[in-house]
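All remarks here apply to the structure that follows.
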Number of protein chains: 2
Amino acid sequence: MTGDASRTALARDTGLTPGAITRAVRPLLEVGLLHETGDRAPAEGTLGRPATVVTVQAEAHLVIGVKVTADELFGVLCDLRCRVLDEVTVPVRDHRPEAIVEQITDLVAGLRAGHPEVGSIGLAVSGDVDAASGHVAYSPFLTWRDVPLGEQVAERTGLATTVENDVRALLTGERWYGVGRGLSSLALVTVGTGIGCALLVNGQVVHGSFGVAGEVGHVLVDPDGPLCHCGNRGCVEAIAGTAGILERMAQAGFGGLGIGDVADLARSGQPDAVRVLADAGRAVGTGIATIANLLGAQHIVITGEAIGSSPAPDDRGEGRPAGDERDYDVMDPHVRRAFEQRAFGSAASAAIELRPLRFVDWARGAAACAVEDFVTHYGRS
Amino acid sequence: MTGDASRTALARDTGLTPGAITRAVRPLLEVGLLHETGDRAPAEGTLGRPATVVTVQAEAHLVIGVKVTADELFGVLCDLRCRVLDEVTVPVRDHRPEAIVEQITDLVAGLRAGHPEVGSIGLAVSGDVDAASGHVAYSPFLTWRDVPLGEQVAERTGLATTVENDVRALLTGERWYGVGRGLSSLALVTVGTGIGCALLVNGQVVHGSFGVAGEVGHVLVDPDGPLCHCGNRGCVEAIAGTAGILERMAQAGFGGLGIGDVADLARSGQPDAVRVLADAGRAVGTGIATIANLLGAQHIVITGEAIGSSPAPDDRGEGRPAGDERDYDVMDPHVRRAFEQRAFGSAASAAIELRPLRFVDWARGAAACAVEDFVTHYGRS
DNA sequence: CGCCTTTCTTTGTCGCTGTCAATTAAGTCG
DNA sequence: CGACTTAATTGACAGCGACAAAGAAAGGCG
């Protein structure tokens, strides 16, 4: 799955005959998408002819991924293995579609300079995205409705362009290049300002019949809970989203705090902060258990601003930079306890994993969508 | 999708060339699985050569479906279109695996008599079923663990045998032969003793990584709600399952009632019954909204003992037979209101449909699984 | 050292599917 | 009747993959 394997191993993994592999591999070697490493495979000690390892020539085709928000554009240049070769951030001046298309075009031109191998673009946008047509049906943050973003960027750049919802793009990245490798059932939950989610079921990303899916943020946790922006009470997001947490702290007399301050207060034992973040953790855990119960998810990845961006959270609670938005570490035990309590039967076997998230990861997800498209459409049209 | 179509129509629907259809259809005509009706297709008024309609010869291959419970076996004889040709019910004397296999063998022999076209069997069992291997991993009601039911029945009867979880079997029947025809996203919710659910996502039935999926009965509705047998409080099933409803009525001083009595009381305006069933309806509606929010289900079918078995509920509330278990009609407005309230954005576009359910439908679902297996495996081995 | 065994890889042959582009079939309409 | 229209069939061909035999590249061993 990493792209390094002997032909025999490929035959075994794919269920095809060695002969079929030879024939499938040859043209790809010729165009340079694969190449043989000098390595002789399973090292020493074995009899017989040593296997020659073939691997993807990751630099043969480069892609650009862009995460589009109303404030900034995050762009990355990736190779076929979705390794980030270059990255750039651009503030958004004007978030009308034409202006964004213009800025994306410039950003792409910049990343593309000196890299003629760039062949496709992936764009990640929050909201209701129709990946098939490349249209952004509705994006609240950008205040867009039915924008043919894919077509426009493809026309301006001359590159094949894929558009996808941002969380689903992140899931795609994780599924092919992250912890989700080889899994056919995966849920990716983002915890931060909002509580988002993208789902992989039976090896396929769930898009939802009406463009809506994975709305774990609006799972009910407490009918007497705080009011959510969706109009209901007690949604996961109303309890565990940043705004909800700050609101409840303000009600307890702690106005004007940042989420990092709340986490710090909780770490130092302040009862209101401890209670509010415990409630938030239970809400997230309940949402995750609901996913596990309904879908039988094999693996659940939690990520988002609340997790932070460095691999291991600093457990000492000191030396943390000002404005740090991490609060998940405080919530985590409550998340897990609520999950274990509410997961039904063997649904509790789902593995929960934390994954720090940097902003480039969103862009990398977009790039992963572009790679996926390139790989699946290769050879056609 | 009903099996009646001209070759041209098939070509359009499948995306294949007319020529490919001709070649695909011919051998099936020869073995008698398809046949040409004399009809000339799109009736009058059109130019050109009239199309000849081909249709499945439903009687060419018959299947037997059996729903296995700890009390009774329900068996049906179906044709390839899953129309029920014969049905039989047998009380279960002894629910140990060997005894059940024995009874299934007898039941099959009875339905099979005089029908040499019978070629496969479908078995529907509640609990954790591994459809791939035909093993019943765990069935609480039958108190079975890891029973190789498929193998045993296949050996005894000499017929290809498919085993599936009962609710998923019902979904399969609905998906191919019921309201779900042509849909790629469907949720089937059963309301009665328990609250069950099976899900179709991206055209595939969700089995869950650990054999658990669709547990909408254990979605949280109210953290202060009644205790559920799963150990938590306020699950949908604890509030809207038959046992939960009766329990709450008993707490209000109405002990010893049946579910039909509760419904009748509610219809006559008795406040406790009205409240208890309204709570139940809201719980079901919340569960359904959760499915819609997470999966973007296109269509939701509600069925189960609570719906009753005749096509249209008798609205006058009189002349109902004693012991009628229908209570859903009282719950329905609350279900819909809760659904509309909690469905997020366009997830509310999901169509909700009621479907009366007779016990033979369960068996027919099992038959549908057998037909599905026959169709997909036809031509191999 | 040369031959044997083992394992990986390639290649020739074949069948299956499905496309493409005629060709044939069966109607309607003027 | 002949032009037109749509349906169905057919032959030629291409792609994919199975199967089996052959070739290649090692190590072991007499």
Which nucleotide sits closest to the side chain of A:Pro50: D:dA26, D:dA8, C:dC29? D:dA26
For B:Leu186 and B:Gly180, the nearest pair of non-hydrogen atoms, with its separation, is CD2-CA, 3.8 Å
What is the minimum heavy-atom distance between B:His207 and B:Glu164, and which atoms define it? NE2-OE2, 2.9 Å
Mapping A:Gly48 and A:Ile21 to their closest nucleotides on DNA chain C, which lands nearer the 5' end? A:Gly48
In whole angstrom, give the distance that lies between atom CZ of A:Arg26 and atom C1' of C:dT10. 7 Å
Has A:Thr22 got a side-chain N or O lying under 4.0 Å from the OP1 or OP2 atom of C:dT11? no
Could you check how far CG of A:Asp13 sits from P of C:dC8, rounded to whole Å? 13 Å
Contact summary for A:Ala366 and A:Ala169, nearest pair of heavy atoms: N-CB, 3.9 Å
Walking DNA chain D from its 5' end, the first of B:Gly19 and A:Gly15 to be reached, judged by nearest nucleotide, is B:Gly19
Rounded to the nearest angstrom, tell me the gap between atom CG in A:Leu16 and atom P in C:dT10. 15 Å
Where the side chain of B:Leu47 is concerned, which of D:dT6, C:dG18, D:dA18 is the nearest nucleotide? D:dT6
Counting only side-chain N and O atoms of B:Thr52, is one of them less than 4.0 Å from OP1 or OP2 of D:dA7? no
Whole-Å distance separating the CD atom of A:Glu36 from the P atom of D:dA25: 12 Å
Would you state whether a donor and an acceptor, one from the side chain of A:Arg49 and one from the base of D:dA25, lie under 3.5 Å apart? no
Any idea which heavy atoms bring A:Ala124 and A:Trp362 closest together, and the distance? CB-O, 4.4 Å
Between the base of C:dG15 and the side chain of B:Arg23, is there a donor-acceptor distance below 3.5 Å? no
A:Arg7 atom CZ is separated from D:dA25 atom P, nearest whole Å, by 12 Å
